[in-house]
Engineer: 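Sharing a structure with you now.
Reckoned from all heavy atoms, side chains included, excluding hydrogens, waters and symmetry mates. In what follows, residues are counted from 1 in the order of the sequence shown.
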Amino acid sequence: TLCGKYTVVKKMDIVTGEADLYICEYHQTQYVAKIYRRKVAIKPEISRKLMNIDSQYIARIYETGEFGGFPMEILPYYKFGSLQGRTYDYEQLKNHIIPSLNEGLKVLHDNGILHKDLKPSNIMVADNHKDVAIIDFGISSVREENHTVVVTKTGMTPEYSAPETFRNLFLEESDYYSLGITLYELFCGYT
């Protein structure tokens, strides 16, 4: 039992470099418990903001805590998986995926969060099997008030990263660059 109420059902067969993922249940609803392998893996300011965002296009963090001395998050369970390896036609992209991602990024940016790692594996198919939600805020940063640029050293996925990010400069526009590369891949099947 995690956080005193989420019952672990099984370990997920998803391999990540940063955490182990478990399906858990609470009141007959399934969630994902993400238990990190590093003791300093969660940025508290990101978690606080995400816990207060109520958008179907952003994976909400329901709770944070510790398990075995390692940080943990309780997240939504997306039974249809991520967009990784999938392709979509123009109508699907135009009517569902692009509006979902555009709104998701707007909500993040309105809350001062730069995602910094938008790519198909960090976008999940919603339960309606049409819309999508942005996940994985492990390397995200919070913009300080009135600042439009974040200067930071961080992990990133080079194929989806804007040129300025290789100089450790991150802007809202950097997320939109990643969105463009992602959409190209979702349509063509390659970056």
Engineer: Between F137 and I61, is there a side-chain heavy-atom distance shorter than 4.5 Å?
Structural biologist: no

Engineer: Return the minimal non-hydrogen interatomic distance between R86 and L186, and the atom names on each side.
Structural biologist: O-CD2, 3.7 Å

Engineer: Is NZ or CZ of K39 both nearer than 6.0 Å to the six-membered ring centre of F70 and within 45° of the ring axis?
Structural biologist: yes

Engineer: N122 versus H115: any side-chain heavy-atom pair under 4.5 Å?
Structural biologist: yes

Engineer: Among residues two or more places apart or on two chains, list those pairs meeting side chain to side chain donor-acceptor pair (under 3.5 Å) that have a residue in residues 177-191.
Structural biologist: Y160-E185

Engineer: Could you go step by step and tell me if E73 and Y62 meet the side chain to side chain donor-acceptor pair (under 3.5 Å) rule?
Structural biologist: CA-CA 7 Å; E73 297 172 327; Y62 292 103; over 6 Å; no

Engineer: Ignoring hydrogens and angles, state whether a donor on the side chain of Y6 or E63 is under 3.5 Å from an acceptor on the partner side chain.
Structural biologist: yes

Engineer: Centres of the Y176 and H109 rings: under 6.0 Å?
Structural biologist: yes

Engineer: Are there over 12 heavy-atom neighbours, none belonging to E45, within less than 6.0 Å of that residue's CD?
Structural biologist: yes

Engineer: Determine the minimum heavy-atom distance between V107 and N111, stating which atoms define it.
Structural biologist: O-ND2, 2.8 Å

Engineer: If every non-hydrogen atom of I123 is compared with every non-hydrogen atom of I135, which pair is closest and at what distance?
Structural biologist: N-CG1, 4.3 Å

Engineer: Roughly how far, to the nearest 0.5 Å, is the CG atom of L75 from the CG atom of L21?
Structural biologist: 8.5 Å

Engineer: Can you spot which of Y22, Y31, F67, Y26 makes a side-chain contact (heavy atoms from CB on, under 4.5 Å) with L2?
Structural biologist: F67

Engineer: What I'd like to find out is whether the side chain of L118 reaches to under 4.5 Å of the side chain of L105, using heavy atoms alone.
Structural biologist: yes

Engineer: What distance do L183 atom CG and K94 atom NZ have between them, rounded to the nearest 0.5 Å?
Structural biologist: 14.0 Å

Engineer: Is there a side-chain contact between I113 and I46, using heavy atoms and a 4.5 Å cut-off?
Structural biologist: yes

Engineer: Looking at S174, S140, S141, S161, which one forms a side chain to side chain donor-acceptor pair (under 3.5 Å) with K116?
Structural biologist: S141

Engineer: Taking all non-hydrogen atoms of both residues, which atom of G104 and which atom of I58 are closest, and how far apart?
Structural biologist: O-CD1, 3.3 Å

Engineer: Does F80 share a hydrophobic cluster with L93, counting links as ILVMFWY side-chain heavy atoms below 4.5 Å and allowing steps through other members?
Structural biologist: yes

Engineer: Quick one: side-chain hydrogen bond (donor to acceptor under 3.5 Å, both in side chains) partners of N128, sequence neighbours excluded?
Structural biologist: D131

Engineer: Using every non-hydrogen atom in the two residues, find where Y88 and V125 come nearest and quote the distance to one decimal.
Structural biologist: OH-CG2, 4.1 Å

Engineer: Are the side chains of L171 and E164 in contact, using a 4.5 Å heavy-atom criterion?
Structural biologist: yes

Engineer: Could you grab the distance from atom CD of Q30 to atom SG of C24, nearest 0.5 Å is fine?
Structural biologist: 9.0 Å

Engineer: Is it the case that one hydrophobic cluster holds both V8 and V32, taking links as side-chain heavy atoms less than 4.5 Å apart, direct or via other members?
Structural biologist: no

